[in-house]
Amino acid sequence: MMRWLTLFKINNSLAVILILLVLSGCNSSSKKPNDMKEQANDDQTPKVTGVGGVFFFSENPDQLKDWYRKNLGIDTNEYGATFESRKMDNPEEVNSLQWSPFKKGSKYFSPSEKEFMINYTVQNIEGLVAQLKENGVTVLDDIESYDYGKFVHIMDEEGNKIELWEPASGESN
């Protein structure tokens with residue numbers, strides 16, 4: 001895969017975004033859809049359940065959003081673009097992935113020095129944060145609640161800031 005990306009000279013940030021967009025549509029479970037639906041209702045294991053957003057730096061976010069609109073048909077607003085999909089095991093549930101360019105140098109990714117940040121959707125954010133702390137993971141802030149869900153930020157072992165989001169009940173992720 002990396003040879004393919006190098007061949008087409010896609011820079012590292014865009015390569016990460018491309019890979020995440022592809023993976024966000026994949027379902028690696030071998031369970032049957034009905035079994036998965038039953039498990040989804042009962043399973044509250046603290047874990048990541050999907051990719052909720054891809055955020056990256058841009059020299060000029062407004063100009064870049066306009067480029068994506070003009071050339072690739074991606075409609076954006078002040079926050080970027082939202083891509084919606086449905087779960088194979090629960091087609092009534094709509095999931096969303098937020099795509100957002102941030103002005104280069106924004107402090108939102110701090111303390112990471114990387115040019116991108118990934119938002120993962122999670123279930124049982126409180127349990128997951130407790131588990132992460134037990135494992136020695138750096139948790140950057142307290143869980144914050146909003147109408148659309150709960151958020152917390154962590155750092156992985158390579159200095160990537162990660163945003164964890166538990167959608168509010170009834171909210172699509």
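All values below were derived from every heavy atom in this structure, side-chain atoms included, with hydrogens, water molecules and symmetry-related copies excluded.
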Exercise. Evaluate side-chain contact (heavy atoms from CB on, under 4.5 Å) for Asp141 paired with Phe151, printing each intermediate quantity in order.
Key: CA-CA 9 Å; Asp141 45 22; Phe151 291 84; over 6 Å; no
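Nearest heavy-atom pair across Ser96 and Thr82 is CB-CG2, 3.5 Å. In terms of heavy-atom proximity, Ile125 sits nearest to Val152 at CD1-CG1, 3.8 Å. Counting all heavy atoms, side chain and backbone alike, Gly80 lies closest to Lys65 at CA-CD, 4.1 Å. The heavy-atom pair separating Pro46 from Leu128 by the smallest distance is CB-N, 3.3 Å. Of all the heavy atoms in Phe55 and Glu163, the pair that sits closest is CE1-OE1, 3.4 Å.
With hydrogens and angles ignored, the 3.5 Å screen pairs no side-chain donor or acceptor of Asp66 with any backbone N or O of Asp62. With hydrogens and angles disregarded, a donor-acceptor distance shorter than 3.5 Å links the side chain of Glu166 to the backbone of Asn124. With Ser100 contributing its side chain and Tyr79 its backbone, the two residues share a donor-acceptor pair below 3.5 Å. Not one N or O on the side chain of Glu59 forms a donor-acceptor pair closer than 3.5 Å with the backbone of Leu64. Side chain of Trp165 to main chain of Tyr148: a donor-acceptor pair is present (N/O by atom type, distance under 3.5 Å, no hydrogens or angles). Under a 3.5 Å cut-off, the side chain of Gln123 and the backbone N or O of Thr45 do form a donor-acceptor pair. A donor-acceptor pair is defined here as one N or O able to donate and one able to accept, closer than 3.5 Å; such a pair exists between the side chain of Lys161 and the backbone of Ser110.
Applying the side chain to side chain donor-acceptor pair (under 3.5 Å) criterion to Glu157, with sequence neighbours excluded, gives no partner residue. With sequence neighbours left out, Lys114 forms a side chain to side chain donor-acceptor pair (under 3.5 Å) with Asn160.
The distance from atom OG1 of Thr138 to atom CD1 of Ile154, rounded to the nearest 0.5 Å, is 9.0 Å. From Phe83, atom CZ reaches atom CG of Leu97 across 7.5 Å, with rounding to the nearest 0.5 Å.
Aromatic ring orientation, Phe102 versus Tyr108: parallel (interplanar angle below 30°, classes split at 30° and 60°).
One hydrophobic cluster, built from ILVMFWY side chains closer than 4.5 Å, cannot hold both Ile162 and Leu140; they sit in different ones.
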